[in-house]
Amino acid sequence: MSDTSASSLAPRLLIVGPQGSGKGTQGARIAELFGIPAISTGDVFRAHVRDQTELGAQVKSVIDAGDLVSDELTFALLRDRLSQGDTGTGFLLDGFPRNLAQLGLLDSFLAPRDEPLTAVIALDVPREVSISRLSERARIEGRADDTDEAIAKRLEIYERDTAPILEVYRDHGIVCAVDGVGELDAVTDRIVRALGERGITV
Ligand code: AMP
């Protein structure tokens, strides 16, 4: 009988990295390769702002200033999204959890379902590279939260509140650290290889 344990880990993934690390782009690519939904809380909020929903009006000024939306509100959105049928074979989270409190909320949702995260992709990018990529994106996309002030605040929040979640996941032994500097395809290949080494294969 063949041993299928090496290929049996479902891709329940989280991608973490500072703003400008390319996590949105790489997350979308990895999700597509694995045929799982990429769930970005930032994208969900931006869609609400764009569609001028009540929630969008509530969170617009917070997002534009580079601050975080409340843990409860963000988690409520995420829980609804994770409860949809297309997450059965796996999912890739981008942007949640962003602090230790959110990590606890996510755990309290996934643990009773017996569906813990199977890998956390940590994209390593030096601060100067993040800043120059964000400034470039500001020129191209004109995102309201890509002003110098909002960028600085978001990087500060990342270092203070988000980076510590990696320590917790490291203790769980599920972090794949990947060098995020280089061509898009090269970084994607590195991530796929790192996941493969953990038994998470396309
Ligand atoms: P992102 O695209 O992930 O950089 O998210 C853009 C903005 O959406 C953030 O700066 C926050 O204002 C908000 N946001 C996204 N995810 C979260 C989260 N997990 N908790 C709180 N706010 C969030």
Side-chain angles (χ1 to χ4, degrees), residues 12-31 37-83 87 91-110 117 120-125 127 129-169 180 187 191:
R12 288 188 296 273
L13 312 175
L14 163 66
I15 189 161
V16 180
Q19 286 69 22
S21 62
K23 72 182 168 64
T25 306
Q26 293 297 340
R29 286 174 150 226
I30 295 296
I39 303 177
S40 155
T41 42
D43 281 351
V44 173
F45 284 134
R46 278 186 289 279
H48 277 277
V49 171
R50 193 179 51 237
D51 299 342
Q52 301 186 332
T53 67
E54 202 174 308
L55 173 68
Q58 213 178 323
V59 298
K60 183 178 185 325
S61 60
V62 177
I63 294 176
D64 287 354
D67 285 318
L68 291 188
V69 178
S70 76
D71 293 340
E72 292 70 24
L73 182 56
T74 313
F75 179 60
L77 280 182
L78 182 79
R79 197 183 42 210
D80 285 353
R81 181 63 190 86
L82 280 175
S83 302
T87 61
F91 51 79
L92 179 140
L93 300 182
D94 165 11
F96 194 105
R98 231 171 172 99
N99 56 37
L100 291 170
Q102 293 187 2
L103 184 151
L105 290 168
L106 179 64
D107 243 21
S108 69
F109 177 80
L110 295 177
L117 294 179
V120 175
I121 304 156
L123 267 191
D124 278 336
V125 171
R127 197 185 168 103
V129 177
S130 289
I131 291 176
S132 80
R133 284 187 186 167
L134 287 170
S135 307
E136 180 68 12
R137 186 171 76 188
R139 267 198 301 281
I140 297 169
E141 293 179 21
R143 252 175 71 162
D145 59 351
D146 277 344
T147 61
D148 286 350
E149 210 184 351
I151 288 172
K153 192 184 286 175
R154 283 154 63 220
L155 286 172
E156 194 185 306
I157 292 175
Y158 176 80
E159 278 155 24
R160 190 191 60 215
D161 297 339
T162 308
I165 71 173
L166 285 175
E167 294 306 317
V168 176
Y169 289 127
V187 177
I191 298 173

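When a ligand or atom number is given, it counts from 1 through the structure's own listing order. Just so you know, residue 1 is the first one in the sequence shown, and it goes up from there. All values reported here derive from a predicted model rather than from experimental measurement.
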Which heavy atom of the protein is the closest neighbour of atom 6 (C) of ligand 1, given with residue, atom name and distance? Arg46 NH1, 3.4 Å
Counting heavy atoms only, which part of Ile63 comes closer than 4.0 Å to ligand 1: side chain, backbone, both or neither? both
Using 4.0 Å as the upper bound for N to carboxylate O, is an ion pair formed by Glu136 and Arg133? no
Can you tell me if CD on Glu149 sees more than 12 non-hydrogen neighbours from other groups inside 6.0 Å? no
Salt-bridged, Arg98 to Asp161, with N to O below 4.0 Å? no
Considering only the protein, which heavy-atom contact is closest to atom 11 (C) of ligand 1, and what is its distance? Asp67 O, 3.4 Å
Mind jotting down which residue pairs meet the side-chain hydrogen bond (donor to acceptor under 3.5 Å, both in side chains) criterion with at least one end in residues 12-24? Sequence neighbours excluded, please. Lys23-Asp94
Name the closest protein heavy atom to atom 13 (C) of ligand 1, giving the residue it belongs to and the distance to 0.1 Å. Phe45 CD1, 3.7 Å
For atom 1 (P) of ligand 1, the closest protein heavy atom turns out to be Arg98 NH2, 3.5 Å
Between Gly27, Gly42, Ser70, flag the one that comes closest to atom 5 (O) of ligand 1 by a heavy atom. Gly42
Considering heavy atoms of the protein only, find what lies nearest to atom 16 (N) of ligand 1 and give residue, atom and distance to 0.1 Å. Thr41 OG1, 2.7 Å
Just wondering, are more than 12 heavy atoms of other shown residues or ligands nearer than 6.0 Å to CD in Glu141? yes
For atom 19 (N) of ligand 1, closest protein heavy-atom neighbour: Gly95 O, 2.8 Å
Looking only at distance, does Val69 have an N or O less than 3.5 Å from an N or O of ligand 1? yes
Starting from atom 20 (N) of ligand 1, what is the nearest protein heavy atom, named by residue and atom, and what distance separates them? Gln102 NE2, 2.9 Å
Looking at Asp43 and Arg50, is there a salt bridge between them, counting it only when a charged N and a carboxylate O are closer than 4.0 Å? no
Value rounded to 0.5 Å, distance of CG in Leu14 from OH in Tyr169: 5.5 Å
Inspect the surroundings of CG in Asp148 and state if more than 12 heavy atoms from other residues, nucleotides or ligands are less than 6.0 Å away. no
Lys23 neighbourhood, listing ligand 1 atoms whose heavy-atom distance to it stays under 4.0 Å: 3 (O)
